[in-house]
Amino acid sequence: MSEGDEDLPRDAKIVKTLLKSMGVEDYEPRVIHQFLELWYRYVVDVLTDAQVYSEHAAKAAIDCDDVKLAIQSKVNFSFSQPPPREVLLELARNRNKIPLPRSIGGPGIALPPDQDTLLSPNYQLAIPRKRQVEAMEETEEDEGVDAVPSQEPSTEVPQQHTPQRVSFPLSKRPKIT
């Protein structure tokens with residue numbers, strides 16, 4: 001063992017020996033603590049499951065069969081086997097029977113329609129229509145001719161001012177180099 005191994009706990013020495021036996025020579029010292037935490041968590045989970053199995057079987061204490069069952073259930077739950085090659089080939093054949101959709105665009109990168117991109121105009125201007133403004137001015141002048149204003153409320157509905165919407169595409173600026 002090296003110089004710093006005397007003050008390490010027994011479990012840390014075991015993890016260090018396991019790493020060395022697997023050919024891992026260079027690692028951070030925190031790796032040992034991470035492996036120890038994983039190891040302790042796994043043991044606690046297995047023993048907790050074994051205790052549940054022992055209580056279910058109405059046993060007074062945990063025995064070897066309970067621990068084996070807990071380990072087996074942990075392995076079955078944690079690790080799954082990939083499906084056989086034949087099953088994967090059959091799935092691939094079924095999926096590949098459906099042809100891919102034809103490409104709509106020409107060569108190059110296919111882009112979504114203009115309305116779905118950020119390249120289209122992104123603002124609108126509200127420009128009032130000239131005719132409506134002039135018509136409103138003329139009606140005001142006509143009312144000024146009547147010297148005695150009527151005491152009755154006016155039933156005339158003012159014309160709605162609906163602006164005209166106009167959008168402008170952004171022009172490309174020349175690159176300054």
Side-chain angles (χ1 to χ4, degrees), residues 1-126 163 165-177:
M1 295 277 166
S2 64
E3 302 165 1
D5 286 350
E6 291 85 30
D7 59 340
L8 284 177
R10 183 178 66 89
D11 293 341
K13 290 178 185 177
I14 292 172
V15 170
K16 204 169 189 180
T17 306
L18 282 171
L19 287 171
K20 190 172 184 178
S21 72
M22 294 173 63
V24 179
E25 297 291 331
D26 189 27
Y27 54 85
E28 296 242 355
R30 294 182 298 180
V31 170
I32 294 175
H33 299 292
Q34 290 172 342
F35 273 122
L36 285 174
E37 183 180 340
L38 180 69
W39 182 6
Y40 293 154
R41 189 179 321 133
Y42 180 78
V43 169
V44 166
D45 287 347
V46 167
L47 290 177
T48 304
D49 290 349
Q51 183 179 10
V52 169
Y53 298 146
S54 175
E55 289 173 1
H56 181 71
K59 298 179 186 174
I62 300 173
D63 62 0
C64 187
D65 291 334
D66 297 328
V67 174
K68 285 181 183 178
L69 184 60
I71 291 173
Q72 187 61 42
S73 68
K74 198 79 156 154
V75 168
N76 289 342
F77 178 72
S78 299
F79 306 105
S80 63
Q81 295 293 325
R85 179 179 165 89
E86 293 79 26
V87 173
L88 291 176
L89 287 173
E90 184 62 29
L91 285 172
R93 263 189 243 108
N94 289 339
R95 185 65 180 161
N96 290 334
K97 284 180 184 177
I98 304 168
L100 293 174
R102 292 183 173 250
S103 176
I104 297 172
I109 299 173
L111 294 176
D114 285 338
Q115 68 267 15
D116 296 335
T117 64
L118 297 177
L119 301 174
S120 60
N122 60 354
Y123 60 91
Q124 292 183 337
L125 297 177
R165 301 248 179 225
V166 180
S167 28
F168 298 95
L170 298 173
S171 61
K172 292 185 179 180
R173 291 184 169 171
K175 290 184 180 179
I176 301 173
T177 55

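When reading the values below, keep in mind they use all heavy atoms of this one structure, side chains included, and skip hydrogens, waters and symmetry mates. Bear in mind that the values here come from a model prediction, so they are computed numbers and not experimental data. Counting from 1, the numbers follow the sequence of the chain as shown.
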Closest heavy-atom contact between Leu47 and Ile62?
O-CD1, 4.0 Å
So, taking the atom named CG in Leu8 and the one named CD1 in Ile32, what distance separates them when rounded to the nearest 0.5 Å?
6.0 Å
If we check side-chain contact (heavy atoms from CB on, under 4.5 Å) with Glu90, which of these qualifies: Leu88, Asn94, Val87?
Asn94
Does Arg93 CZ have over 12 foreign heavy atoms under 6.0 Å away?
yes
How long is the span from the CG atom in Asp66 to the NE2 atom in His56, to the nearest 0.5 Å?
11.0 Å
Using a 6.0 Å cut-off, check whether atom NZ of Lys59 has over 12 heavy atoms from anything other than its own residue.
yes
Leu36 CG to Arg41 CZ distance, which is reported to the nearest 0.5 Å
12.0 Å
Rounded to the nearest 0.5 Å, the NZ atom of Lys16 sits from the CG atom of Asp11 at a distance of 14.5 Å
First locate atom CG of Asp45, then atom NZ of Lys74, and finally report the distance between them rounded to the nearest 0.5 Å.
3.5 Å
Could you please spell out the steps behind the side chain to side chain donor-acceptor pair (under 3.5 Å) verdict for Asp65 and Tyr53?
CA-CA 9 Å; Asp65 291 334; Tyr53 298 146; over 6 Å; no
If you round to the nearest 0.5 Å, how far is CZ of Phe35 from OH of Tyr27?
10.0 Å
Among Val44, Val46, Leu38, which one satisfies side-chain contact (heavy atoms from CB on, under 4.5 Å) with Tyr42?
Val46
Check: Gln51 main-chain N/O paired with Ser54 side-chain donor or acceptor under 3.5 Å:
no
